[in-house]
Amino acid sequence: AKREGKNRYARFSKDMHNELYEKLRMETGIRYGLLNREFVVHYQPKVKIATRRTSSLEALVRWQKAGKMISPGAFIPIAEESNLIDEICLFVLQETCAFYTTMQQQGVAVPVSVNISPRQFHNLDFVDIVEDLIRRFQIDPRYLEFEITETTAMHDVAYTLKIMHRLRDLGIYFSIDDFGTGYSSLGSLSKMPVNTLKIDKQFIDDLETNSGIISTIIAISQQMRLNVVAEGVETEEQLLRLDAMGCHEVQGYYFSRPMPSNSILEYLLAERNR
Ligand code: C2E
Ligand code: CA
Ligand code: CA
Ligand code: CA
């Protein structure tokens, strides 16, 4: 038994070692990747069902490493454990601001939302960083939006309200991401400068089973006069069902996958001429 315990300890320690090693390797990779311009931002349209036109975009970061595309789900959580998330977030904000300028020059500017991670949201310099970018890129702040998850927003409501209102004073509004997966206090939500609730893809994946939850989110959005956007819409059937339920804006592969800036620009230009 003693021997077994020893083996178990050895195995445990080996796993710990591998995990730590993987984490360090990833961190070094991210640091190098940032310097080496391996990160790119793709954009995915949010579409008004009635007009089938793009109402806004969401910026989604990607890591192109040695010809392979690494999805944010694989590196954001690790970056989130160190200050690397600050650098990734700054990169995404800068790219988004630069892309806004391009859209504006081409006469097809729509608002772009950027995902803000919990650590970034709790970075005390965040508001100053955003203010500086808005000034430097001469952004019309109505064209920049932030998405934070319901969990992040509700974690420390007093803090959330303070930061959100400072950003609101700059002209920025918020979307609540993954709405319905956390526990919102509707009283708190009503005090936040939020203009959109996003229904998480996991609910859209099985519309029938989740129709109660979805209807509730739509009812909340109507009551609070907020936009509501359904994520992960892949089929016409889902689209029609959501429209009938009162959700008139969607995001998902049905209309478009996230695309690099040049492709999205073409998409917006084609749409304008339609
Ligand atoms: P999210 O904010 O909930 O973003 C939606 C995710 O769903 C994106 O995955 C998007 O590509 C994917 N998606 C959209 N429509 C469809 C669809 O019809 N079908 C399917 N199967 N998927 C769809 P992505 O780009 O891999 O991002 C995953 C998560 O990583 C995001 O979830 C967000 O939490 C995080 N993330 C992405 N970019 C950033 C960023 O720049 N900063 C931060 N902090 N987090 C980011
Ligand atoms: Ca999002
Ligand atoms: Ca998410
Ligand atoms: Ca989501």
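Side chains included, hydrogens not; waters and symmetry mates left out as well; all remaining heavy atoms used. Ligands are counted one by one from 1 in listed order, and the atoms in each one are counted from 1 as well.
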Participant: Of the backbone atoms (N, CA, C, O) and the side-chain heavy atoms from C-beta on, which set of Val61 has a member under 4.0 Å from an atom of ligand 1: side chain, backbone, both, or neither?
Facilitator: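 Contact part for Val61 vs ligand 1: both backbone and side chain.
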Participant: Enumerate the atoms of ligand 1 whose separation from the nearest heavy atom of Glu58 is less than 4.0 angstrom.
Facilitator: 2 (O), 4 (O)
Participant: Taking 4.0 Å as the limit for heavy-atom contacts, which would you say applies to Asp200 with ligand 1: side chain only, backbone only, both, or neither?
Facilitator: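 Neither; no heavy atom under 4.0 Å.
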Participant: Checking side chain to side chain contact (heavy atoms under 4.5 Å, CB included) between Thr54 and each of Tyr43, Tyr267, Phe255, which is the one that passes?
Facilitator: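 That would be Tyr267; it is the only one of Tyr43, Tyr267, Phe255 passing the side chain to side chain contact (heavy atoms under 4.5 Å, CB included) with Thr54.
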Participant: Given that the side chain starts at C-beta and the backbone is N, CA, C, O, which of these parts of His42 lies under 4.0 Å from ligand 1, counting heavy atoms, or is it both or neither?
Facilitator: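 Near ligand 1, His42 shows nothing, with every heavy atom at 4.0 Å or more.
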Participant: How is the N/O/S atom of Glu58 that comes nearest to the Ca ion (ligand 2) named?
Facilitator: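 Within Glu58, restricted to N, O or S, the Ca ion (ligand 2) is closest to atom OE2.
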Participant: Within the 3.5 Å criterion, strictly below it, is a donor on Glu58 or Asn115 matched to an acceptor on the partner's side chain?
Facilitator: yes
Participant: For ligand 1, which atoms, with element, lie under 4.0 Å from some heavy atom of Val233?
Facilitator: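 It comes down to these atoms of ligand 1: 18 (O).
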Participant: Can you tell which part of Val92 has a heavy atom less than 4.0 Å from ligand 1: side chain, backbone, both or neither?
Facilitator: side chain
Participant: Would Glu147 and Ser175 satisfy side chain to side chain donor-acceptor pair (under 3.5 Å), going step by step from the backbone distance to the final call?
Facilitator: CA-CA 5 Å; Glu147 297 192 6; Ser175 293; 4.8 Å; no
Participant: Between the Ca ion (ligand 4) and Asp200, which N, O or S atom of the residue is the nearest one?
Facilitator: OD1
Participant: For atom CZ of Arg136, is the number of surrounding heavy atoms from other residues, nucleotides or ligands below 6.0 Å larger than 12?
Facilitator: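 It does: Arg136 CZ has more than 12 such atoms within range.
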Participant: Which bit of Lys201 is near ligand 1, meaning a heavy atom under 4.0 Å away: side chain, backbone, both or neither?
Facilitator: side chain
Participant: Would you say Asp200 and Glu231 make side-chain contact, with heavy atoms under 4.5 Å?
Facilitator: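 In contact.
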Participant: Report the residues that fulfil side-chain contact (heavy atoms from CB on, under 4.5 Å) with Asn262, sequence neighbours left out, ordered by chain and then residue number.
Facilitator: Pro260
Participant: Is a side-chain donor-acceptor pair under 3.5 Å present for Ser55 with Glu249?
Facilitator: yes
Participant: Name the orientation class of the two ring planes belonging to Tyr143 and Tyr100 (parallel below 30°, tilted from 30 to 60°, perpendicular beyond 60°).
Facilitator: tilted
Participant: Using 3.0 Å as the threshold, say whether any N, O or S atom from Glu231 sits that close to the Ca ion (ligand 2).
Facilitator: no
Participant: Measuring to the Ca ion (ligand 2), does Ser113 have an N/O/S atom at a distance below 3.0 Å?
Facilitator: no
Participant: For ligand 1, indicate whether the residue Val41 contacts it via side chain, backbone, both or neither (heavy-atom separation under 4.0 Å).
Facilitator: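 It is neither part, as no heavy atom is under 4.0 Å.
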Participant: Enumerate the atoms of ligand 1 whose separation from the nearest heavy atom of Arg62 is less than 4.0 angstrom.
Facilitator: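 Within the 4.0 Å cut-off of Arg62, ligand 1 contributes 11 (O), 24 (P), 25 (O).
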Participant: Can you name the N/O/S atom of Asp177 that is nearest the Ca ion (ligand 2)?
Facilitator: OD2
Participant: Just let me know how Gln44 lines up against ligand 1, side chain, backbone, both or neither, with a heavy-atom cut-off below 4.0 Å.
Facilitator: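 Just the side chain.
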Participant: Are the charged groups of Glu80 and Lys23 less than 4.0 angstrom apart, N to O?
Facilitator: no
Participant: Which angle, to 10 degrees, forms at the Ca ion (ligand 2) with OE1 of Glu147 on one side and OD1 of Asn115 on the other?
Facilitator: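 OE1 of Glu147, the Ca ion (ligand 2) and OD1 of Asn115 span an angle of about 90°.
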Participant: Not counting sequence neighbours, which residues clear salt bridge (charged side-chain N to carboxylate O under 4.0 Å, His left out) with Arg135? List them please.
Facilitator: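 By the salt bridge (charged side-chain N to carboxylate O under 4.0 Å, His left out) rule, Arg135 matches Glu131.
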Participant: Ligand 1 versus Glu80, non-hydrogen atoms closer than 4.0 Å: side chain, backbone, both, neither?
Facilitator: neither
Participant: Is any N, O or S atom of Asp178 under 3.0 Å away from the Ca ion (ligand 2)?
Facilitator: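 It does not: Asp178 brings no N, O or S atom closer than 3.0 Å to the Ca ion (ligand 2).
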Participant: Taking the minimum heavy-atom distance to atom 28 (C) of ligand 1, which of Ala74, Pro258, Pro72 ranks first?
Facilitator: Pro72
